[in-house]
Amino acid sequence: MTAAVTYESIKTCKQSGARLGRVHTPHGVIETPAFMPVGTQATVKTMSPEELKTMDAQIILSNTYHLFIRPGHEIVKDAGGLHKFMNWDRPILTDSGGFQVFSLSNMRKITEEGVTFKSHLNGDKLFLSPEKAMEIQNALGSDIMMAFDECPPFPAEYEYVKKSLERTTRWAERCLQSHARPQDQGLFAIIQGGMHEDLRKLSAEQLTSMDFPGYAIGGLSVGEPKHLMYEVLDYTTPLMPANKPRYLMGVGSPDALIEGAIRGIDMFDCVLPTRIARNGTCMTSSGRLVIRNAKYATDFGPLDAKCSCYTCTNYSRAYIRHLIKADETFGIRLTTIHNLHFLLQLMREVREAIKEDRLLDFRDTFFAAYGLNDN
Ligand SMILES: CNc1nc2cc3c(=O)[nH]c(N)nc3c(CCO)c2[nH]1
């Protein structure tokens with residue numbers, strides 16, 4: 001299969017497992033390590049594509065499950081695909097729907113064939129399978145598609161995690177078989193195995209023997225303590241091909257992005273920056289700031305004096321607090337712009353630090369300022 005998505009290694013860090021790279025896709029190149037803003041329903045909430053480009057979002061994530069149940073993948077296909085539908089001409093990665101079924105639908109039944117579930121919108125009985133997930137993603141026309149997998153809950157019994165990862169491997173095989181356009185869309189497999197080193201190894205071996213263009217680490221950021229996630233990364237990342245993109249799903253917070261990059265992760269996604277923005281919580285270089293706090297009512301400085309984003313350049317904490325308290329949409333737009341810029345800027349600084357072999361020092365400096373040295 002001629003890979004439509006390829007990884008170009010630029011530099012490996014001397015201090016750690018970190019690396020600089022480029023992921024080449026049909027809609028452009030992604031400088032890695034990279035953070036992907038999440039646009040679940042074909043929009044990164046309240047952001048225009050132009051604003052995302054201004055902050056240099058290189059790639060965004062959207063969701064098979066959500067676009068399948070609304071507006072329906074056939075409509076997106078008839079619109080000319082997801083890029084056209086949402087007016088985004090840079091790369092798009094779509095998740096395969098498995099995780100969303102488990103996190104959103106209260107009634108579901110898993111069989112070898114696939115997952116039967118009720119729509120969280122109207123209770124309709126629906127079915128997703130590897131073949132269906134591929135049909136939907138091919139209709140959306142995303143550049144990077146994720147294999148249909150099961151993300152086991154945390155915690156989960158060893159035997160359950162083992163049986164689940166083996167079914168995820170069989171599902172990945174079926175995704176590969178039913179992929180309509182391998183020549184112009186990259187299909188990534190998702191390594192599972194919970195918090196068990198032997199199961200992670202088993203999953204990685206089974207999936208890397210099938211030669212996917214890229215690999216993700218799934219089953220993390222599901223409520224486990226951060227140190228446990230880092231332990232899983234310590235022994236899983238080295239099992240992944242060095243010449244292919246490594247994507248850590250559902251991560252995350254500034255500290256986790258840095259720790260993941262140190263362990264050789266190239267791509268990250270998380271709803272955190274956009275989700276917390278909606279209740280007025282902002283990421284700043286000295287930690288989280290909850291703008292609703294009364295002490296900001298007369299604070300006419302920027303959210304973060306070290307930030308150069310549109311929000312910090314033009315608006316005060318007092319004004320943003322007023323908008324959030326008044327439930328004004330513009331307030332959510334301003335906190336979203338800031339939080340996304342903050343993480344995208346953090347990844348630019350991470351890439352710079354790798355280039356100059358000083359990522360571990362960068363981590364210590366960042367954590368000290370962000371108040372994370374005590375974790
Ligand atoms: C927020 N934490 C998180 N953990 C994840 C774990 C998985 C996973 O194991 N499989 C798939 N397909 N998607 C996942 C996603 C959604 C994408 O961010 C996750 N998100």
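Just so you know, ligand 1 is whichever comes first in the structure, and atom 1 is the first atom listed for that ligand. Positions are given from 1 along the sequence.
Here the two rings, on Phe85 and His73, have centers that are 6.0 Å apart or farther.
For Met146, the closest heavy-atom approach to ligand 1 does not fall below 4.0 Å. Heavy atoms of Gln192 approach ligand 1 to within less than 4.0 angstrom. In this structure, Gly98 does not count as a contact residue of ligand 1, since none of its heavy atoms falls inside 4.0 Å of the ligand.
Listed by number with element, the atoms of ligand 1 under 4.0 Å from a non-hydrogen atom of Asp149 are 8 (C), 9 (O), 10 (N), 11 (C), 12 (N). Taking a cut-off of under 4.0 Å to the non-hydrogen atoms of Gly219, the atoms of ligand 1 that pass are 6 (C), 8 (C), 9 (O). For ligand 1, the atoms sitting less than 4.0 Å from at least one non-hydrogen atom of Ser96 are 12 (N), numbered in the order shown with element in parentheses.
At least one cation-pi condition fails for Arg317 and Phe300: the charged atom is not both under 6.0 angstrom from the six-membered ring centre and inside a 45 degree cone around its axis. Both tests do not hold together for Arg348 against Phe35: distance to the six-membered ring centre under 6.0 Å, angle to the ring axis within 45°.
Between Leu93 and Ile59, some side-chain heavy-atom pair lies under the 4.5 Å cut-off.
When the shell of 6.0 Å around CZ of Arg70 is examined, it contains 12 or fewer heavy atoms from other residues, nucleotides or ligands. Other residues, nucleotides and ligands contribute at most 12 non-hydrogen atoms within 6.0 Å of the CZ atom of Arg275.
Where the criterion is an N or O separation shorter than 3.5 Å, residue side chain and backbone included, Leu220 meets it with respect to ligand 1. Considering backbone and side-chain atoms together, Tyr247 places no N or O closer than 3.5 Å to any N or O of ligand 1.
Closest to atom 11 (C) of ligand 1 by heavy atom, among Val271, Asn63, Asp95, Thr64, is Asp95.
The proximity of Leu61 to ligand 1, defined as any non-hydrogen pair under 4.0 Å, does not occur for either the backbone or the side chain.
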